[in-house]
Structures are given as structure tokens and as C-alpha cells.
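We use all heavy atoms of the structure for the numbers below, so side chains are in, but hydrogens, waters and symmetry mates are not.
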Amino acid sequence: QVQLVESGGGLVQTGGSLRLSCVASGHGFTTWALGWFRQAPGLEREFVAAISWSAGNTYYADSVKGRFAISRDNTKNTVYLQMNNLKPEDTAVYYCAADPLGNSGVRFGAPDYGMQYWGKGTLVTVSS
């Protein structure tokens, strides 16, 4: 059974940085595509970033390009989201997600980019 547990959220001022972590349990982590999504109050969940199983390919929403960086450590079953130059509009609950069928890459054509497992989320609040 796959479980994802996020950590690292909190309150930060505009321009600050946070690093989110997501530890996964379950077999086959090294072959999973992974992603981060977020949901702000009153809005739908949106894509933030994704990374292929080999970490050779990363993808970002336009709103976070140049500010956020996704990475993974397959030896620790962990995926990270480094968030720099945070803005109030980045305030949201951030969710880690995994696609155990993503061994050929991130499946952008599938619902939720193929992500099948989700963490419970970690809250990021950026004050102005």
C-alpha cells in the first residue's frame, strides 16, 4: 500500500523560502512519476510541478517557473519542492502525488497527470 506524507509547510513572509518534503512508502518508488499540486481556498486543485522517475525531466506550472524546484532522492523515497521568492498567491495546501505507472514519464494526457496516490497535504501560508 502506498502512503505519502508531506512536511515542511508553514508561515513565511513574501520573498521567503520553504522546502517541502514528501516521504513515500511502498514498493517501486524509483519507477514512479511524482508531482506536487496545490489547492488555495475556494479554488480547484492545480498542478505545480512534476518529475520523472529518473529525475531526468522536470515540469512546472508557468506561475512557479524560475521560483520552485522539484527534486527526488530515490535512496530516501523522498520528493522535495524547494520554493523560493514566495508570493501571497502561493498560499495553499500543497499535496504530494505519485503515479506508480509513470515509469515511461509523466502522463500529462491522463486525469491528474496519472497521479493515483495522494498525501494529506501541508499548508503553506505566505504573508504580505
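The backbone N or O of Gly9 lies less than 3.5 Å from a partner atom in the side chain of Thr122, making a donor-acceptor pair. For Ser52 (side chain) and Asn57 (main-chain N/O), a donor-acceptor pair under 3.5 Å exists by modelled atom type. When atom types are taken as modelled, the side chain of Arg107 and the backbone of Tyr113 share no donor-acceptor pair closer than 3.5 angstrom. Panel note: side chain Ser63, backbone Ala61; no donor-acceptor pair is recorded below 3.5 Å.
For Arg72, the salt bridge (Lys or Arg N to Asp or Glu O under 4.0 Å) criterion is met by no residue, not counting sequence neighbours. The salt bridge (Lys or Arg N to Asp or Glu O under 4.0 Å) search around Arg45 returns Asp112, not counting sequence neighbours.
As a member of the Ile/Leu/Val/Met/Phe/Trp/Tyr network built from side-chain separations under 4.5 Å, Val2 groups with Leu4, Val12, Leu18, Leu20, Phe29, Trp32, Leu34, Trp36, Val48, Ile51, Tyr60, Val64, Phe68, Ile70, Val79, Leu81, Met83, Leu86, Tyr94, Tyr117, Val124, Val126.
Closest heavy-atom contact between Ala33 and Gly105: CB-O, 4.2 Å. Residues Asp99 and Met115 come closest through the heavy atom pair N-SD, 3.7 Å. Pairing each heavy atom of Ser127 with each of Leu11, the nearest pair is CB-CD1, 4.3 Å.
Distance SG/Cys22 to CD/Glu6: 5.0 Å, rounded to 0.5 Å. Remark: Arg38 CZ to Leu123 CG distance equals 12.5 Å, nearest 0.5 Å.
For the residue pair Asn84/Ser17, the side-chain donor-acceptor check at 3.5 Å is satisfied.
A salt bridge links Asp62 to Lys65: one of the charged nitrogens lies within less than 4.0 Å of a carboxylate oxygen.
Aromatic rings from Phe37 and Tyr95 are positioned such that their centres are separated by 6.0 Å or more.
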